Amino acid sequence: MNPNTTQTIEHYPAVNAIDLEEKVKSMYREVASNPEGDFHFEMGRTMAERLGYEPLDLDRIPSNAIDSFAGVGYFFDLADIQAGESVVDLGSGSGMDTFVAALKTGPEGSVYGIDMTDEQIRKAESLRKLYKFKNVSYIGGYIQSTEFTDNRFDVVISNGVINLAVDKKAVFAEAKRILKPGGRLAISDIVTEVHLPEGITCDATLWAACIGGASHEDDYVEAICSAGFEIKEVRENRQYQFISDNAKWATDKYGVKSISILAVKQ
């Protein structure tokens with residue numbers, strides 16, 4: 001997200017991007033430092049396994065990264081990461097998905113994580129050093145404006161993060177820019193079945209909780225296609241669930257749900 005402007009997403013009224021960035025950073029600062037805290041969403045290993053993560057993979061990565069895992073779906077079967085490939089995680093948090101990706105690429109591959117929350121980057125980096133993941137690197141920054149060169153990566157992954165961005169089209173355009181021709185975009189995110197009303201889309205707190213910024217599923221898929229991707233698969237993650245009463249209410253009323261998508265750069 002760009003903190004310098006108030007922006008409009010899709011056909012909804014504007015949310016204040018400065019307020020939103022502070023709310024997102026505050027929430028995910030807590031996710032990094034206090035994963036046992038009270039959140040709208042579930043975290044940790046039990047949830048990760050329910051989403052589809054392989055227990056043997058989770059056994060091989062830092063448990064503290066798993067504790068702060070706030071993803072919303074599983075996409076590694078879609079990504080089909082091969083040994084030696086280069087991968088970037090947009091919104092890498094405390095690093096769980098980067099560590100799983102590093103298992104797939106092997107030492108000859110490379111994995112980068114980018115995140116705007118300093119505490120998340122510091123936690124992931126400390127775990128990387130402690131567990132000696134030499135093929136993983138972390139960078140502080142924004143997912144819609146990375147500093148990577150064009151055609152750099154084989155795979156872009158992201159888990160429950162793009163819904164937090166004010167300008168989702170810019171994120172998908174950036175993903176296309178940094179992917180090699182034929183590169184894969186494998187993501188999980190929160191979408192809706194009903195367009196959200198103004199009272200929700202203008203609420204930065206609900207946006208930071210992965211609800212207020214959720215696009216209608218059709219709009220989300222169209223944004224990916226408009227960026228220059230071909231959609232290969234879209235599936236619903238029925239195993240994902242919000243846990244707070246407010247989030248459950250939004251789920252029931254507006255069809256807020258998790259999906260995983262595989263798309264290929266055209």
Side-chain angles (χ1 to χ4, degrees), residues 1 20-53 57-58 61-76 88-101 111 113-128 136 138 140 142-143 156-165 168 171 186-192 204-215 237-248 250-251 256-261:
M1 289 172 290
L20 173 59
E21 179 170 337
E22 290 307 312
K23 290 288 178 60
V24 171
K25 284 184 174 179
S26 176
M27 181 169 292
Y28 290 91
R29 193 178 295 127
E30 281 295 303
V31 166
S33 62
N34 182 31
E36 296 83 16
D38 186 17
F39 300 100
H40 289 282
F41 40 80
E42 187 181 1
M43 295 191 299
R45 177 157 182 157
T46 298
M47 187 265 286
E49 289 191 21
R50 191 171 69 246
L51 291 178
Y53 284 82
D57 285 344
L58 298 179
I61 66 172
S63 60
N64 286 347
I66 302 172
D67 292 341
S68 292
F69 172 65
V72 302
Y74 183 74
F75 48 69
F76 280 99
V88 61
D89 184 1
L90 302 181
S92 51
S94 294
M96 192 184 99
D97 281 335
T98 59
F99 294 129
V100 173
V111 180
I114 181 168
D115 202 282
M116 71 175 186
T117 304
D118 293 341
E119 289 79 5
Q120 294 275 35
I121 289 288
R122 284 198 292 267
K123 181 172 184 176
E125 176 63 16
S126 67
L127 292 172
R128 182 197 69 79
V136 178
Y138 295 104
Y142 296 98
I143 63 175
V156 169
I157 61 175
S158 185
N159 203 333
V161 174
I162 298 173
N163 76 87
L164 299 172
K168 295 170 178 57
V171 177
I187 59 178
S188 296
D189 211 356
I190 299 298
V191 297
T192 69
T205 299
L206 286 176
W207 200 305
C210 296
I211 297 172
S215 299
N237 301 311
R238 297 184 181 275
Q239 304 89 343
Y240 184 76
Q241 57 192 16
F242 289 101
I243 56 176
S244 74
D245 290 339
N246 284 343
K248 288 179 179 178
T251 298
V256 178
K257 64 183 182 180
S258 166
I259 61 173
S260 293
I261 296 176

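Just so you know, these numbers use all the heavy atoms, side chains as well, and skip hydrogens, waters and symmetry mates. Every value quoted in this text rests on a predicted model; they were computed, and no experiment measured them.
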Has Arg50 got a side-chain atom pairing as donor or acceptor with Gln239's backbone, closer than 3.5 angstrom? yes
By the definition side chain to side chain contact (heavy atoms under 4.5 Å, CB included), identify the one residue from Ile187, Leu164, Ile162 that meets it with Val171. Ile162
Check Asp67 against Met43 and note the closest heavy-atom contact, atom names and distance. O-CB, 3.9 Å
Correct closest heavy-atom pair for Arg128 and Val136 would be CD-O, 2.8 Å
Do Lys123 and Glu119 sit within salt-bridge range, that is, some charged N less than 4.0 Å from a carboxylate O? no
Compute whether any side-chain donor of one residue and acceptor of the other, for Tyr138 and Thr98, lie under 3.5 angstrom apart. yes
Scanning both residues in full, the closest heavy-atom pair of Ser94 with Ala65 reads O-CB, 3.5 Å
Under 3.5 Å: donor-acceptor pair, side chain of Ser258, backbone of Val72: yes
Look at the side chain of Lys168 and the backbone N and O of Asn163, then say whether any donor-acceptor pair between them is shorter than 3.5 Å. yes
How long is the straight-line distance from OG of Ser188 back to CD1 of Ile261, given to the nearest 0.5 Å? 8.5 Å
Could you give the distance from CZ (Arg45) to CE (Met96), rounded to the nearest 0.5 Å? 9.5 Å
Taking the side chain as every heavy atom from C-beta outward, state whether Phe76 and Ile157 have any pair of such atoms under 4.5 Å apart. yes
If you measure from CG on Leu51 to CD on Glu42, what distance do you get to the nearest 0.5 Å? 8.0 Å
All salt bridge (Lys or Arg N to Asp or Glu O under 4.0 Å) counterparts of Asp57, not counting sequence neighbours: Lys104
Between Met47 and Gly71, what is the shortest heavy-atom contact and its length? CE-O, 3.5 Å
How many angstroms lie between CZ in Phe99 and CD1 in Ile66, if you round to the nearest 0.5 Å? 10.0 Å
Can you give me the closest heavy-atom contact between Ala48 and Leu58, atom names plus distance? CB-CD1, 4.2 Å
Can any side-chain N or O of Ser158 pair as donor or acceptor with the backbone N or O of Leu90 at less than 3.5 Å? yes
Might you point out which heavy atoms bring Val31 and Ala70 nearest each other, and give the distance in Å? CG1-CB, 4.5 Å
Check against side chain to side chain contact (heavy atoms under 4.5 Å, CB included), Asp89 and Val111: CA-CA 8 Å; Asp89 184 1; Val111 180; 5.6 Å; no
When you measure from the side chain of Ser215 to the backbone N and O of Val191, does any donor-acceptor pair fall under 3.5 Å? no
Taking Asp115 for its side chain and Ile121 for its backbone only, find out whether a donor-acceptor pair lies under 3.5 Å. no
Tyr53 and Asp97: side chain donor to acceptor below 3.5 Å: yes
